[in-house]
Amino acid sequence: KNENENNMVNNLREIVSMNQILSDIFSIKDKSFWFLIKEDFTKFCISRFSVAIQQNKMIKTVLKNQKINCILGWNDSLQIEKTAMTIGKKMNIPTVVLQHGLVSHRDNADKMESHIRISGLLPLVSEYFAVWGKIMQNYAIKMGMKKENVAIVGSPRYDSFFNKKINPKKRKIILFATSGLGNNHVAGFTSNVLEEYEDSIKTVCNTIKKLEGNELVVKLHPYSTDF
């Protein structure tokens, strides 16, 4: 480790030594569990911070030695992506986040802002945002982005569809796009949660099947492979 890394580790240890502050943070109903996780949490932070410093050095080296015209990513909330785009911006390299999902645009949208940004559905540090359509463009502007920095480009995932000849069907197609149970699901992956999830999908499918003249297409969420 060089001097900067050693200073980082020492500073981190000093922060962790502030028992009362962290004890208050890691508590539920005034009952602290900090003493249970202190040692593992400290080791985890030191390990991750050391990795982050190495990644920072590598990204700087790549951006300085290669001709990079633009940095494009699915999000800028994860560690490597955020680091690359932050360094890129400082080097005057255009940074773009490409929309990769949908959010609720109507119900309690303001309350969801922090979750939406952390999940990567809105840029944190990127200068530009490439969105699928008007709805997300308006939403991004509402959340504080400049209109000139939000471009409607559609979803590249479906570009190949426009090159295919599709035979129109007389039957109406109903697409059922399921939501997923992410690894951070608050209830965890208990058997009850999974059973309720499956039952809800079965209920929707059985209801749609009763509608005559319709074809049901079920699209599983990528998280479905987690269980």
- Does any N or O in the side chain of D24 come within less than 3.5 Å of the main-chain N or O of L22, such that one atom is a donor and the other an acceptor? no
- Note on the structure: Value for CE (M143) from CG (N138), rounded to nearest 0.5 Å, stands at 11.5 Å
- Item | Close side-chain approach of E127 to M85, heavy-atom, < 4.5 Å | no
- Hydrophobic cluster membership, L124 vs L98, 4.5 Å side-chain cutoff: no
- Query: Which residue pairs satisfy the side-chain hydrogen bond (donor to acceptor under 3.5 Å, both in side chains) criterion with at least one member in residues 32-42, sequence neighbours excluded?
  - Reply: N19-W34, N19-K38, S23-S32, E39-K43
- side chain to side chain contact (heavy atoms under 4.5 Å, CB included) between V96 and F129, intermediate numbers included: CA-CA 6 Å; V96 184; F129 191 24; over 6 Å; no
- Item | Student check: side-chain heavy atoms of L122 and N75 closer than 4.5 Å | no
- Please examine the side chains of V204 and F176, heavy atoms only from C-beta on, and report whether any two atoms are closer than 4.5 Å. yes
- Query: What's the spacing between I135 CD1 and Q137 CD if we round to 0.5 Å?
  - Reply: 11.5 Å
- Item | Interatomic distance, E198 atom CD to T203 atom OG1 [nearest 0.5 angstrom] | 11.5 Å
- Under 4.5 Å between side-chain heavy atoms, hopping through other hydrophobics if needed: is there a path connecting L121 to Y128? no
- Item | Contact check, side chains of V150 and V131, non-hydrogen atoms, under 4.5 Å | yes
- Would a 4.5 Å heavy-atom cut-off, applied to side chains only, mark M91 and K60 as touching? no
- Task: Would you mind reporting whether W74 and E81 have side-chain heavy atoms less than 4.5 Å apart?
- Result: no
- Same cluster (ILVMFWY, side-chain, under 4.5 Å), L78 and M58: no
- Note on the structure: Smallest heavy-atom separation, N149 atom then M145 atom, equals O-CE, 4.2 Å
- Message: Taking the side chain as everything from C-beta on, heavy atoms only, tell me whether E215 gets closer than 4.5 Å to K172.
- Response: no
- Is there a side-chain contact between T83 and I80 (heavy atoms, below 4.5 Å)? no
- Message: Please check if the number of heavy atoms outside E14 that lie under 6.0 Å from its CD is greater than 12.
- Response: no
- Rounded to the nearest 0.5 Å, how far apart are CZ of R157 and CD of Q99? 11.5 Å
- Note on the structure: Of all heavy-atom pairs linking A84 and I71, the shortest is O-CD1, 3.5 Å
- Query: Quick one: CG on L216 to CD1 on I174, what's the gap to the nearest 0.5 Å?
  - Reply: 7.0 Å
- Message: Using modelled atom types and a 3.5 Å cut-off, is there a donor and acceptor pairing between side-chain atoms of N56 and backbone atoms of A52?
- Response: no
- Message: Test your reading of the model: is there a side-chain donor-acceptor pair from K89 to the backbone of P94, 3.5 Å cut-off?
- Response: no
- Rounded to the nearest 0.5 Å, what separation is found between the OG1 atom of T95 and the CD1 atom of I87? 12.0 Å
- Message: Are I93 and L72 linked, directly or through intermediate hydrophobic residues, by side-chain heavy-atom contacts shorter than 4.5 Å (ILVMFWY only)?
- Response: no
- Using the rule that two of Ile, Leu, Val, Met, Phe, Trp, Tyr join whenever any of their side-chain heavy atoms come within less than 4.5 Å, decide whether I21 and L36 are in one cluster. yes
- Nearest atoms (heavy-atom pairs only) where F33 meets S27: CE2-N, 3.6 Å
- Query: Hey, does the side chain of N214 reach the backbone of I173 with a donor-acceptor pair shorter than 3.5 angstrom?
  - Reply: no
- Is a side-chain donor or acceptor of D76 paired with a backbone partner of P123 at a separation under 3.5 angstrom? no
